[in-house]
Structures are given as C-alpha cells and as structure tokens.
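Below you'll find the structure, written out as structure tokens, and then a few comments.
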Protein chains: 2
Amino acid sequence: MLSKKTKYAFHALTYLAENQDKGAVLIQEIASSKNISHKFLENILLELKKAGILGSKKGKGGGYYLIKKPEEITLAKIIRLLNGPIAWLPCVSLNYYEKCSDCPDEATCNMHIIMCQVRDQTLAVVENKTLSDLITSNN
Amino acid sequence: MLSKKTKYAFHALTYLAENQDKGAVLIQEIASSKNISHKFLENILLELKKAGILGSKKGKGGGYYLIKKPEEITLAKIIRLLNGPIAWLPCVSLNYYEKCSDCPDEATCNMHIIMCQVRDQTLAVVENKTLSDLITSNN
DNA sequence: CACAAAACCTACAAACTTAGTAGGGTAATA
DNA sequence: TATTACCCTACTAAGTTTGTAGGTTTTGTG
C-alpha cells in the first residue's frame with residue numbers, strides 16, 4: 001500500500017501541474033486545497049525539492065513550483081522517493097538493493113526469479129506513466 | 001516489501017512441499033531448518049491452517065502437512081493472507097476494498113485507473129505462480 | 001532599514017504495525 | 001495416565017508512519 005506521504009505528494013504535484021501558470025504556489029494553498037496538514041506537507045515538498053523535482057522561492061510572494069515538465073516526472077520516481085522500494089524483496093530492488101539474509105544464492109532462488117517478474121510488470125506501468133497522466137484539465 | 005511473516009510462510013510451505021512424503025512435520029523441524037523462531041512460526045502455521053492450506057495432527061507424532069497440492073496454492077493467496085492487500089490503494093483492492101477518503105470519484109480518478117493496471121500486472125504473475133514453482137527438487 | 005511573509009531545518013511525540021515472547025490449554029498417542 | 005505437540009490469548013519490544021513544535025533564514029515591500 002502507498003503511504004499517505006506518497007499520496008499527498010501526488011496530490012500536491014497534481015495541483016502544481018494544474019496551476020503551472022500561477023508561478024510559485026504557497027504550501028498553505030496546496031494544503032488547504034487538498035486537505036493536508038500544512039507542516040506535514042512542508043516536509044514532503046522539501047523532499048521533492050531536494051530530489052530536483054520542485055523549485056522554491058522564499059519570502060513574500062514565494063512558494064513552490066514544478067521545475068520539470070509533468071511528462072518528465074514518472075510515477076516510479078515519486079514512489080521510490082517517498083514510498084521506498086517498488087520491489088517486494090530487497091534482493092530484487094534496482095534502487096534499494098540489499099542481499100537477502102535468508103536466501104543462499106540469488107541465481108538459483110526461485111522466489112528471486114518470480115519477484116523479478118513482479119517488479120518488472122509493476123515498473124512497466126509506473127515507469128511509463130507520468131504526472132501528465134494524472135492531470136484532469138489536460139490542455 | 002513482503003513482511004518477514006510472509007517470507008517465513010513461503011519458507012515453511014516450501015519445506016512442507018519438499019517433504020510431503022514424510023507426513024506430519026514438527027514445527028520445530030521447520031523452524032530450525034529455516035532459521036525461524038519456533039513460537040513465531042507457530043502463529044504463522046496456525047494461520048495457514050485456518051485458511052485451509054495446512055492440516056495438523058496433535059500429540060506425539062503430530063505436526064503440520066499440506067492439505068492441497070502445491071500446484072493449487074497460488075502465491076497470491078499466501079501473500080494476501082499474511083502480507084495483506086496486493087493493490088497499492090484500498091480503492092483498487094479486490095480482496096480488501098475500501099473507499100479512498102481523499103478520492104472524490106473512482107470513475108474519473110486518474111490515479112485509480114493507473115493503480116488498477118499495477119494491480120493487474122502484479123496479479124498476472126502471482127495468481128499464476130504456485131508453491132510448485134518454488135520447489136527445487138521437482139520430481 | 002525594519003518588518004512581515006514564507007520557505008527551511010531539526011527535533012520530538014503520538015499512533016500504528018511488525019516481530020517476537022510467555023505461558024498455559026487441549027487433544028492425541030503410546 | 002503421562003507425554004508430546006499443536007492451540008490459543010495476551011503481552012512486550014522495536015520500528016515505522018504520521019504529524020507537531022518552534023525556531024532560522026531568505027526575500028520582497030513600505
């Protein structure tokens with residue numbers, strides 16, 4: 001299941017994508033529009049900024065804005081950033097790889113093979129869907 | 001990520017499948033063979049029994065055994081039982097459906113559509129793989 | 001320049017989930 | 001009838017998620 005953090009991130013990004021003409025948007029505006037705690041959203045937007053997805057402007061008239069085009073931001077990127085690994089096992093993760101303690105040999109582990117398939121099927125969707133697929137008013 | 005509980009279940013089921021000729025197998029035998037805490041494994045096997053996957057025999061010479069053929073036990077069933085929903089959103093889950101609080105309308109929610117695709121791609125794998133695909137000595 | 005606005009940052013707290021433990025109850029077998 | 005081994009409930013410890021508190025820094029404006 002996706003965490004609330006992840007869902008909030010999608011909501012915020014969607015809002016920003018739909019209001020790109022506005023320039024910098026206040027955290028508060030996103031928070032109240034999407035029913036998210038201001039301070040919690042603050043952390044999320046900061047993470048998205050550090051990941052190079054959002055830009056920000058401080059002081060009066062400041063706020064957050066998209067730094068990339070919506071069609072360049074894949075769902076996979078957001079999910080990995082805020083939700084963690086997409087794979088079901090660490091030994092199968094492309095971005096968060098870790099050796100499985102219980103599995104003696106990945107090459108011969110049947111679980112490993114199947115979990116690779118699950119991962120690839122999932123990635124086939126979320127690597128090819130972007131923020132632009134989430135926007136409703138898609139002019 | 002799959003929980004330890006789920007991984008332990010797969011290990012135990014694999015062991016039972018590979019030792020079907022033995023009849024009832026002690027919890028302790030599985031636990032020490034697969035390096036799992038006896039008591040923790042006890043809970044897991046009990047759940048698998050209640051789900052109709054395992055049978056048990058009490059008293060001396062007792063233990064657990066598979067009640068179904070390995071090729072009848074899908075990975076999806078085990079994962080749902082011990083790990084919970086396979087879907088990434090409650091509003092997309094086939095077995096654990098719940099309305100999303102934030103999503104106003106499922107029919108028009110773009111996230112909903114994409115998450116259905118993710119779910120279906122995942123199920124395409126785990127509904128068609130069974131315990132027999134995890135066994136090494138597959139005579 | 002001073003003030004206010006708004007992002008930035010660190011640390012903490014509460015709630016929930018997962019992992020594992022404790023200890024006795026119950027049924028079957030020898 | 002004693003032993004074995006599953007059955008059951010409840011609890012604890014650890015970790016993660018979710019959210020809060022409070023101050024710092026930057027920037028625009030009068």
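Lettering follows sequence order; numbering is per chain, from 1. This is a predicted model, so every value here is computed, not measured.
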Open item on the list: In whole Å, I'd like the distance from the CD1 atom of Ile44(A) to the C1' atom of dC8(C).
Closed with: 15 Å
Open item on the list: Taking CD in Glu98(B) as the centre, count heavy atoms belonging to other residues, nucleotides or ligands within less than 6.0 Å. Is the count above 12?
Closed with: no
- [ ] Measure from NZ on Lys49(A) to C1' on dC9(C) and round the result to the nearest Å.
- [x] 11 Å
Task: Atom of Ser33(A), atom of Tyr15(A) and distance for their closest heavy-atom approach - done: OG-CE1, 3.2 Å
Task: Euclidean distance, atom CG of residue Leu45(B) to atom C1' of dC7(D) [Å, nearest integer] - done: 12 Å
Open item on the list: Let me confirm one number: the CD1-CD1 distance from Ile78(A) to Ile53(A), rounded to the nearest 0.5 Å.
Closed with: 3.5 Å
Task: same_hphob_cluster(Tyr97(B), Ile86(B)) at 4.5 Å side-chain heavy-atom cutoff - done: no
Open item on the list: Determine whether Lys7(A) and Leu89(B) satisfy the following criterion, side chain to side chain contact (heavy atoms under 4.5 Å, CB included), listing intermediate values before the conclusion.
Closed with: CA-CA 9 Å; Lys7(A) 290 199 258 179; Leu89(B) 293 178; 3.7 Å; yes
TODO: Measure from CG on Leu48(A) to P on dC9(C) and round the result to the nearest Å.
DONE: 14 Å
Task: From CG (Asn110(A)) to NZ (Lys129(B)), nearest 0.5 Å - done: 9.0 Å
Open item on the list: If I take atom CG in residue Leu54(B) and atom C1' in nucleotide dC6(D), what distance separates them, rounded to the nearest angstrom?
Closed with: 12 Å
TODO: Would you kindly confirm whether Leu123(A) and Met115(A) end up in one hydrophobic cluster when ILVMFWY residues are joined by side chain heavy atoms under 4.5 Å apart?
DONE: no
Open item on the list: Rounded to whole Å, how long is the line connecting atom CG of Leu81(B) with atom C1' of dT18(C)?
Closed with: 16 Å
Open item on the list: Tell me the bend of the helix from dC1(C)-dG30(D) to dA30(C)-dT1(D) as the angle between end helix axes, each from five pairs, rounded to the nearest 10 degrees.
Closed with: 0°
Open item on the list: Salt bridge or not between Glu42(B) and Lys39(B)? Use side-chain N to carboxylate O under 4.0 Å.
Closed with: yes
Task: For atom CE of Met1(A) and atom C1' of dT17(C), their distance in whole Å - done: 14 Å
Task: Test side-chain contact (heavy atoms from CB on, under 4.5 Å) applied to Leu54(A) and Ile67(A), Leu66(A), Ile44(A), the passing residue - done: Leu66(A)
Task: Proximity to DNA chain C (any heavy atom under 4.0 Å), residues of residues 26-35 of chain A only - done: Leu26(A), Ile27(A)
Open item on the list: One character per nucleotide, please: for nucleotides 16-30 of chain D, 5' to 3', B when the base has a protein heavy atom closer than 4.0 Å, S when only the sugar-phosphate does, - otherwise.
Closed with: --SBBBB--BBBS--
- [ ] Have a look at Lys7(A) and say if it touches a base, only the backbone sugar-phosphate, or nothing, with a 4.0 Å heavy-atom cut-off.
- [x] nothing
Open item on the list: Nearest whole Å is fine: how far is dA5(D) P from Leu46(B) CG?
Closed with: 17 Å
